[in-house]
Amino acid sequence: MNGNRAAAAGVQQAAKALDLRVSIAGVEWKNPITTASGTFSARESGAFYDISRLGAVTTKGVAEVPWAGNPSPRIAETYGGMLNSVGLQNPGIDAYLNEELPCLAGFDTKVIANVAGHSIEEYCAVVERLNESSVDMLEINISCPNVKEGGIGFGVDPAQAATVTKAVKAIAKKPVIIKLTPNVTDITAIAKAVEDAGADAISLINTLLGMRIDARKGRLVLANKTGGFSGPAVKPVALRMVYQVRRAVKIPIIGLGGISCGEDVAEFLMAGADAVAVGTAALTNPTAPVDILEEFKAYMQEMGFATVADVKRAFRE
Amino acid sequence: MEEKKIMMAEILRQELLAKGVMKLVLCAPEAARAARAGQFVNVYTEDSALLLPRPISICDAEGDRLTLVYGIVGRGTQWFSKRCAGEHLRISTPLGNGYDLSDIKPGDSALLFGGGIGVPPMVKLAKTLTAMGVSVRAAAGFRDESFLLEELSAAGAQTLCATDSGREGYRGTALSAAEDVGWSGDHWFACGPKPMLAAVAKAALACGKDAQVSMEERMGCGYGACVGCTVDVKPQDAMQPVRKKVCKDGPVFLGSEVFFDER
């Protein structure tokens, strides 16, 4: 009886002892989990769970002016994943500052604003507005496969990726994360280029370029023809790229791509990520970001890990 | 903030209504109590290859029971169709705006148009309107085989049926059948394929009415986070068309606001 009680107390102590904090480019998150941009909305996601439970939230890509995005259909399911060709539809920085950000005001979490643009000037215009806002970090999206000019155009060439990074860093008053595309031959070359250009952190991967055909109709499923491939099916690719980039750069890495459970988080941390983002899983299950956090905590307890650093240290090649 | 949930619902009954059309009765007290006409629930498969929820319109909600009628159109709905009484399905609480009934008074008349798998939400709508003291006429169109006609009548609607093939009821569309018999109404509602919604919206405008039409689009999350399912609408007070989310801002829009001929 006493033994049981002591054991129970021990478990409780272990629960208390978990220290999930991580520091990403000088910003302390209470745990290493954020949302992937484009899969989170303060209002809609907040209807399902308490946003304050996450280390950070990453909001949907915002541009200088409203973007209409691509025509419908924009969504197609694939084996263990999905394609989207939303094309960064967003209401523009004014609406973001006046409507989305106030929805996040009462929550105890860090806010990462994902920034979209067609040109360096457009990225910088948004960053200037965000400088004066309450957001904690900026994530520069140079990797959206659904936007031709800008977007992925900057993300596939080390020199251009560096140019964007330098321009943004020159004016940004918040830490800058550069989000990379996997649709390149050598992702380490891009990662090194943005690190050299002053990026404070890197997030990867954005979606992989994909396509689907409706064999009964003989037509492409997406109106935009191609779309970004995400979901559990892409996880091995994402993990491999995080692993490669970790060995190429020193700056913090936010890993993402198909994370669906607590052990997936651990895999990314072991591969070299300092934090992770949950994306498509939140479309399958609206509470996925917090469910995955709880699973990760249970995994840490089961494994006897007290800190995120312990998880990373447990990886041996 | 408005609270939404994902929950497990027990299957009480599942039966074939017509070729490729299933009726599913769930025990889902929270969802059933919250349900309004024109809303939908997300239904999730447990096949890990099929990630996305299937949005399915609410056909009826009574006490703890939620009735969904859906077409078997792909692998997800095929998976649902194989589930039996006693099994559980993951569903969301009701989503979307539903039909706006705030302007309706007792003694008004309503004209409902359902096309194919757009007929099911008309049952709940007819029931709700009848309970409000509205006289309801429902025109239901099908390709070949009808379903839910008895349920529509039981919901208090004067019902007529049209089929493309002429196998049952009028040969032709639900709208042409209703026009043939000279039906009209103070309030127009529709759910069905896009060409039908376009035709109903146009016919309503010709009568000086604005139909409420329920749109469908490929959805990602089904709760407003991913902005995957959009429809171009032009609100009366806006200069430019805007892309609205079908799952969150809809699925019901005013016929006068929707751009039907975009593609």
Side-chain angles (χ1 to χ4, degrees), chain A residues 35-36 38-51 60-61 66-91 103 106-107 214 216 221-223 227 230-233 258 260 279-288 291, chain B residues 1-7 42-55 73-77 79 90-96 194 215-233 238 240-250 258-259 262-263:
Chain A
T35 56
T39 64
F40 171 85
S41 140
R43 200 175 281 124
E44 316 312 341
S45 309
F48 284 98
Y49 63 86
D50 178 5
I51 292 168
K60 184 166 169 51
W67 287 9
N70 289 320
S72 295
R74 298 168 162 189
I75 302 286
E77 199 175 48
T78 63
Y79 293 101
M82 63 177 285
L83 300 172
N84 90 80
S85 59
V86 170
L88 291 172
Q89 177 178 341
N90 77 88
C103 282
F107 295 101
D214 183 329
R216 294 197 176 262
V221 174
L222 297 172
S230 65
S260 312
T280 302
L283 310 192
T284 308
N285 170 20
T287 58
D291 292 352
Chain B
M1 269 185 201
E2 185 192 352
E3 268 225 23
K4 291 177 188 163
K5 261 189 205 166
I6 307 295
M7 63 200 127
N42 279 331
V43 188
Y44 297 82
T45 77
E46 266 158 44
D47 181 336
S48 56
L50 307 178
L51 298 180
L52 301 175
R54 271 61 181 166
V73 291
R75 297 212 305 153
T77 43
W79 189 89
R90 252 179 91 219
I91 68 164
S92 71
T93 39
L95 298 166
K194 237 181 205 172
M215 305 295 293
E216 192 174 27
E217 191 47 72
R218 286 265 169 191
M219 291 185 188
C221 66
Y223 63 91
C226 78
V227 201
C229 59
T230 55
V231 58
D232 286 351
V233 302
Q240 293 291 321
V242 286
R243 289 223 158 111
K244 294 271 195 183
K245 298 184 263 192
V246 172
C247 68
K248 173 73 190 180
D249 305 316
V258 177
F259 283 93
E262 50 167 326
R263 280 189 298 128

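Treat the numbers as computed from the prediction; the structure is a model and nothing was measured. Sequence lines set the chain letters: A, B, ... in the order given, protein chains first and strands last, and positions in each chain run from 1.
- Among the candidates A:A68, A:P232, A:P286, A:G69, the residue making the largest number of heavy-atom pairs closer than 4.5 Å to chain B is A:P286.
- Using a 4.5 Å cut-off between heavy atoms, B:Y44 touches chain A through its side chain atoms alone.
- Between B:C247 atom SG and A:E44 atom CD the span is 7.5 Å, to the nearest 0.5 Å.
- Between the side chain of A:S72 and the backbone N or O of B:T230, at least one donor-acceptor pair lies under 3.5 Å.
- In this structure, B:L51 CG and A:S260 OG are separated by 7.5 Å, a value rounded to the nearest 0.5 Å.
- Using a 4.5 Å cut-off between heavy atoms, A:N90 does not touch chain B at all.
- When heavy atoms are compared at a cutoff of 4.5 Å, A:T280 approaches chain B solely by way of its side chain, counted from C-beta outward.
- Put simply, the side chain of A:I75 reaches to within 4.5 Å of the side chain of B:L52, judged on heavy atoms.
- When heavy atoms are compared at a cutoff of 4.5 Å, A:A233 does not approach chain B at all.
- Heavy-atom pairs under 4.5 Å with chain A were tallied for B:C229, B:G76, B:A225; the largest tally goes to B:A225.
- Considering SG of B:C221 and CE of A:M82, their distance stands at 8.5 Å, rounded to 0.5 Å.
- We find the CZ-CG distance between B:R243 and A:N70 to be 7.5 Å, quoted to the nearest 0.5 Å.
- Of the possible donor and acceptor atoms, one in the side chain of A:R74 sits under 3.5 Å from a partner among the backbone N and O of B:V227.
- In this structure, the separation between OH on A:Y79 and CZ on B:R75 is 4.5 Å, given to the nearest 0.5 Å.
- For CD of B:E216, the number of neighbouring non-hydrogen atoms (other residues, nucleotides, ligands) closer than 6.0 Å is 12 at most.
- A distance of 11.5 Å separates CG in A:N285 from CG in B:N42, rounded to the nearest 0.5 Å.
- Between the B:R218 side chain and the A:P73 main chain, no donor and acceptor come within less than 3.5 Å of each other.
- Two residues are said to be in side-chain contact when any heavy atoms from C-beta on lie closer than 4.5 Å; B:C226 and A:T39 fail this criterion.
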